[in-house]
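Note that ligands are numbered from 1 as they come in the structure, with each ligand's atoms numbered from 1 the same way. Any value given below was found using the heavy atoms of this structure, including those in side chains, with hydrogens, waters and symmetry copies removed.
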Amino acid sequence: MNAKQAAGYRAADWVEDGMIVGLGTGSTAYYAIEKIGERVGQGLKIKAIATSNASEELAKQYHIPLIHASEVEQLDLAIDGADEVDSNMALTKGGGGALLREKLVAINSKQFIVIADHSKMVPHLGSFKLPIELVPFCYEWTLGQLRRNYNVPIEMRTRDGELYVTDNGNYIADAAFGVISDPGKLSQELKAMTGVVEHGLFVNIADMVVVGYEDGRTEVIEKK
Ligand SMILES: O=C(CO)[C@H](O)[C@H](O)COP(=O)(O)O
């Protein structure tokens, strides 16, 4: 058992019969999907929506029934990883590039459980570069505007020497803010910029954090 597995497996305990569940993305969410899949194999009756093509494939491997958003108004529960979690349960997400679908699923869920190994718990967000999803059209102008506004290093994400393309066909810029002293303010500012589709700050969205440790222990932190 490793820390990510401990967190992912523990969070699967909150999944109950009849629920519509949002499945996150990343190496911690992998374990949650694995455990949920095992429980589905043992008779648990749920339906799910995945936040990425990769998680959708994983869910299919485990025969977790998948539905389309048009079939439900709201999810009961979403479980997803994070790149950083601060002391107010604000998050940085999007290291895996799935931030847009992840935020859509999280805000449309009655309960959002974050799963994180202990290294993700930080006093302030910002050490992890903040992913910002950009519309490909004229992205150079949006990038220039971001650099002028914040005067911090911001680089376009690449993969195999090409610009990284999200499941939604957009690009990602990673911004090295250092310390983000007011995540709520930055979140609103970025959201208001034309050319920015979404960003990886999740403020006042998480209801609970399940923290995993190397020895298999977990700690559950609930919203104050
Ligand atoms: O936001 C995400 C993907 O877009 C992931 O939840 C985040 O990157 C954490 O990943 P991991 O569990 O692999 O450390």
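- Remark: ligand 1 atoms within the under-4.0 Å shell around heavy atoms of Gly97 are 4 (O).
- Under a cutoff of 6.0 Å and an axis angle of 45°, Lys4 and Tyr31 do not form a cation-pi pair.
- Inspection of the Asn108 and Gln74 side chains reveals no N or O donor paired with an N or O acceptor under 3.5 Å.
- Aromatic ring pairs are classed by plane angle as parallel below 30°, tilted from 30° to 60° and perpendicular above 60°; the pair Tyr139 and Tyr171 is perpendicular.
- Among protein heavy atoms, atom 1 (O) of ligand 1 sits closest to Gly94 N, 2.7 Å.
- Below 4.0 Å from some heavy atom of Gly26 lie the following atoms of ligand 1, by number and element: 13 (O).
- Taking 4.0 Å as the cut-off, Gly24 does not count as a neighbour of ligand 1 on heavy-atom distance.
- Judged by distance alone, the side chains of Gln5 and Tyr30 never bring a donor and an acceptor atom under 3.5 Å apart.
- For atom 12 (O) of ligand 1, the closest heavy atom belonging to the protein is Thr28 OG1, 2.5 Å.
- Residue Ser52 does not touch ligand 1, judged by heavy-atom distances below 4.0 Å.
- For the residues Thr25, Asp83, Val114, the heavy atom positioned nearest atom 8 (O) of ligand 1 is part of Asp83.
- With hydrogens and angles left out, the side-chain atoms of Asp117 and Tyr213 include no donor and acceptor closer than 3.5 Å.
- When the heavy atoms of Ala98, Gly200, Gly8 are ranked by distance to atom 4 (O) of ligand 1, first place goes to Ala98.
- In terms of protein heavy atoms, atom 11 (P) of ligand 1 is closest to Ser27 OG, 3.3 Å.
- For atom 14 (O) of ligand 1, the nearest non-hydrogen atom of the protein is Lys120 NZ, 2.7 Å.
- Residue-level proximity to ligand 1 for Asp117 is absent, since no heavy atom of it falls below 4.0 angstrom.
- For ligand 1 and Gly81, the ligand atoms under 4.0 Å from any heavy atom of the residue are 6 (O).
- Ile49 approaches Val72 most closely through the heavy-atom pair CD1-CG2, 4.3 Å.
- Taking every heavy atom of Asp80 and a limit of under 4.0 angstrom, the matching atoms of ligand 1 come to 6 (O).
- The option from Lys93, Glu102, Arg101 that lies nearest to atom 3 (C) of ligand 1, judged by heavy atoms, is Glu102.
- In this structure, the side chains of Val114 and Met89 stay at 4.5 Å or more apart for every pair of heavy atoms.
- With salt bridges taken as basic N to acidic carboxylate O contacts below 4.0 Å, one links Arg157 and Asp174.
- In this structure, a donor-acceptor pair under 3.5 Å is absent between the side chains of Gln111 and Asp76.
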